[in-house]
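The structure appears below as structure tokens.
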Amino acid sequence: MIVTKKEFLTQSGLKVKTLELWIEQEWVIPQDTPSGPGFSDADIARVHLIRDLTEKVGANDAGVDVILHLLDQLHGMRRAFEQLQSNLKDTLP
């Protein structure tokens, strides 16, 4: 489900300035919608992850950048692997 920026701020508990900074850092990337930026459930989960990394683990901004980049790569590889499996199933007798 896609929510508006206002709804996202309410659900995530973020302040506007924090969200703007995280968007600038590309830690959160909203979708373009006709009514403005839209945010998904995955974006809310990502906010919780970032908070855990900074508040509980003690990761600094550079550490969060690296962790998020690695997680994005992992999810991309998982999607590619699932597509490959699907393609192989379609070609097998």
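This one's a predicted model, so the numbers in the text were calculated from it and none came from an experiment. The first residue in the sequence is number 1, and the count goes up from there.
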Report whether [X] and [Y] are members of the same hydrophobic cluster (ILVMFWY, side-chain heavy atoms less than 4.5 Å apart, transitive linking).
X: I2; Y: I29; value: no
X: V66; Y: L74; value: no
X: M1; Y: L9; value: yes
X: L84; Y: M77; value: no
X: V28; Y: V16; value: yes

Given I67, which of D65, V64, L71 fulfils the side-chain contact (heavy atoms from CB on, under 4.5 Å) condition? L71

Please say whether more than 12 non-hydrogen atoms of neighbouring residues, nucleotides or ligands are located less than 6.0 Å from CD in E24.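 No, CD of E24 has 12 or fewer neighbouring heavy atoms, counting only those of other groups under 6.0 Å.
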
More than 12 heavy atoms from other groups under 6.0 Å of CG on D90: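 Atom CG in D90 is crowded, with more than 12 foreign heavy atoms closer than 6.0 Å.
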
Do the non-hydrogen side-chain atoms of [X] and [Y] ever get within less than 4.5 Å of each other?
X: F39; Y: K5; result: yes
X: Q25; Y: L21; result: yes
X: V47; Y: W27; result: no

The salt bridge (charged side-chain N to carboxylate O under 4.0 Å, His left out) partners of E7 (sequence neighbours excluded) come to none

Is the closest basic N to carboxylate O distance between R46 and D72 below 4.0 Å? yes

Which heavy atom of L88 sits nearest to which heavy atom of T91, and what is that distance?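 Reported closest heavy-atom pair: O-OG1, 2.9 Å.
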
Atom pair CG/NE2 of L14 and H48 - distance to nearest 0.5 Å: 8.5 Å

Pair up each side-chain donor or acceptor in residues 50-60 with any protein partner under 3.5 Å, not counting sequence neighbours, and list the distances.
| from | atom 1 | to | atom 2 | distance (Å) |
| --- | --- | --- | --- | --- |
| R51 | NH1 | S12 | O | 2.7 |
| R51 | NH2 | S12 | O | 3.4 |
| R51 | NH2 | G13 | O | 2.9 |
| T54 | OG1 | I50 | O | 3.0 |
| T54 | OG1 | R51 | O | 3.2 |
| N60 | OD1 | A62 | N | 3.2 |
| N60 | OD1 | G63 | N | 2.8 |

Without swapping roles, check the side chain of D43 against the backbone of S40 for a donor-acceptor pair under 3.5 Å.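 Yes; at least one donor-acceptor contact below 3.5 Å.
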
